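Heads up: the structure comes next, in structure tokens.
A quick note: this is a predicted structure, and the numbers were derived from the prediction, not measured.
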Amino acid sequence: YHSGSISIIPGKFPHRTQGPEGVIQKWEYLFVDIEGVLKKFYPANQVFRERFIKKVLCLPYLVSEKAYPRLAMAVRAILDENREQKPHFKEAVNGYLMVLVWEIARLGGQELPENDLYESQVDKIRAALEYIETHFAEEIKIRNLAELCHVSESYFRKIFVRCMNVPPLEYVNLIRIQNACELMLKGSDSMETLAWKVGFSSLSAFMRNFKKIVGEPPKHWRTRHGRKNEYVNYHTKVLKGW
């Protein structure tokens with residue numbers, strides 16, 4: 001990543017932000033409820049909303065501000081409006097959200113033929129992704145995930161890596177660590193309690209995976225970040241990067 005980079009990442013996509021070594025960088029995450037935005041502006045057109053979510057928000061993008069200035073403008077405007085909260089800022093955010101949605105649609109429109117193939121692959125493991133999202137704190141066995149998807153374990157591992165770019169177990173651990181970070185931002189649980197809440201069988205496994213994924217021990221991360229999550233408007237949420 002470098003100055004002016006913009007990443008657009010759908011749900012359930014593992015990712016980590018990493019800039020040049022030795023360079024101090026700052027960035028922000030803008031979480032947008034795209035489905036909520038579409039429902040607000042197109043309440044009677046469910047087919048359109050479903051098609052948009054399925055066709056456009058199925059691949060991540062990494063673009064530059066220089067190449068997509070209108071997209072960058074919308075992102076900056078939403079962030080600034082939420083920070084400054086001047087009169088009518090919610091109405092302004094809603095307007096910029098529609099600009100953002102259609103700028104993203106333009107990106108997705110360029111990839112639609114390829115996306116159709118990708119969607120058919122993801123559909124084969126969608127049940128497993130949804131299960132991991134809600135049962136990450138429990139013991140998860142790969143063979144059980146394969147059974148949910150009605151495929152063999154070997155085929156499941158192969159298609160999972162093709163879609164998610166990581167093996168299933170690594171993805172499970174990443175989801176667990178993401179949830180551990182959210183818990184640390186919201187509360188003061190001990191590391192032992194956090195490890196148990198997100199599904200790790202031992203503190204050592206939690207510590208090892210946290211450092212591998214985030215790049216530093218959880219205690220250091222908690223000290224640096226504290227409670228920085230801020231909810232803004234009702235369709236967006238801004239978090240500092242990690």
Side-chain angles (χ1 to χ4, degrees), residues 1-20 22-42 49 52-53 56-111 174-175 177-187 213-216 220-242:
Y1 288 78
H2 52 79
S3 178
S5 292
I6 303 172
S7 59
I8 301 162
I9 306 170
K12 297 185 176 68
F13 267 88
H15 60 281
R16 182 175 70 176
T17 307
Q18 183 174 343
V23 177
I24 297 176
Q25 293 182 306
K26 296 182 179 180
W27 60 90
E28 290 177 292
Y29 288 130
L30 178 64
F31 292 83
V32 181
D33 178 14
I34 297 291
E35 188 172 2
V37 174
L38 292 173
K39 190 172 183 179
K40 176 179 177 63
F41 286 94
Y42 304 95
R49 299 197 308 266
F52 187 99
I53 296 296
V56 175
L57 300 180
C58 59
L59 282 177
Y61 299 94
L62 179 61
V63 300
S64 69
E65 179 179 11
K66 183 178 180 181
Y68 296 91
R70 284 187 291 272
L71 177 63
M73 178 278 295
V75 172
R76 289 184 186 277
I78 293 170
L79 293 171
D80 290 341
E81 288 288 347
N82 277 309
R83 271 191 291 262
E84 297 168 4
Q85 297 194 7
K86 295 179 179 179
H88 309 295
F89 83 97
K90 290 184 179 180
E91 291 80 2
V93 167
N94 283 330
Y96 288 124
L97 279 172
M98 284 308 300
V99 176
L100 178 63
V101 164
W102 288 110
E103 287 300 319
I104 294 174
R106 288 172 174 172
L107 295 177
Q110 299 172 7
E111 301 286 344
L174 185 135
I175 295 299
I177 294 302
Q178 286 181 340
N179 280 274
C181 288
E182 292 183 9
L183 289 173
M184 280 193 283
L185 288 172
K186 298 175 182 177
I213 293 170
V214 180
E216 62 181 325
H220 293 178
W221 189 88
R222 171 182 265 169
T223 299
R224 289 197 307 107
H225 290 266
R227 295 187 178 186
K228 289 186 179 179
N229 57 326
E230 175 188 4
Y231 291 85
V232 287
N233 203 0
Y234 54 95
H235 287 310
T236 60
K237 180 177 68 174
V238 178
L239 290 181
K240 299 299 180 182
W242 55 272

Do the side chains of Leu185 and Trp221 get nearer than 4.5 Å, heavy atoms only? yes
Residue pair Val214 / Cys181: nearest heavy atoms and the distance that separates them: CG2-SG, 4.4 Å
Heavy-atom closest pair (Ile213 atom, Leu174 atom, distance to 0.1 Å) is CD1-CA, 3.6 Å
Interatomic distance, Glu81 atom CD to Glu91 atom CD [nearest 0.5 angstrom]: 10.0 Å
Atom CG in Leu30, atom CZ in Arg76: separation rounded to 0.5 Å? 12.5 Å
How long is the straight-line distance from CD of Glu84 back to CG of Leu79, given to the nearest 0.5 Å? 10.5 Å
With rounding to the nearest 0.5 angstrom, report the CD to CG distance, Gln178 to Leu183. 12.0 Å
Can you tell me how far CD of Glu216 sits from OG1 of Thr223, rounded to the nearest 0.5 angstrom? 9.0 Å
Interatomic spacing from CE in Met73 to CG in Leu100 - rounded to 0.5 Å: 9.5 Å
Main-chain N/O of Asn82 paired to Gln85 side chain as donor or acceptor, under 3.5 Å: yes
Test log, rule side-chain contact (heavy atoms from CB on, under 4.5 Å), inputs Ile104 and Tyr68: CA-CA 10 Å; Ile104 294 174; Tyr68 296 91; over 6 Å; no
Restricting to non-hydrogen atoms, name the atom on Ala72 and the atom on Glu65 that form the minimum distance, rounded to 0.1 Å. CB-CG, 3.3 Å
Begin with the C-alpha distance, continue with both residues' side-chain angles, and end with the deciding distance and a verdict on side-chain contact (heavy atoms from CB on, under 4.5 Å) for Ile8 and Leu71. CA-CA 11 Å; Ile8 301 162; Leu71 177 63; 3.8 Å; yes
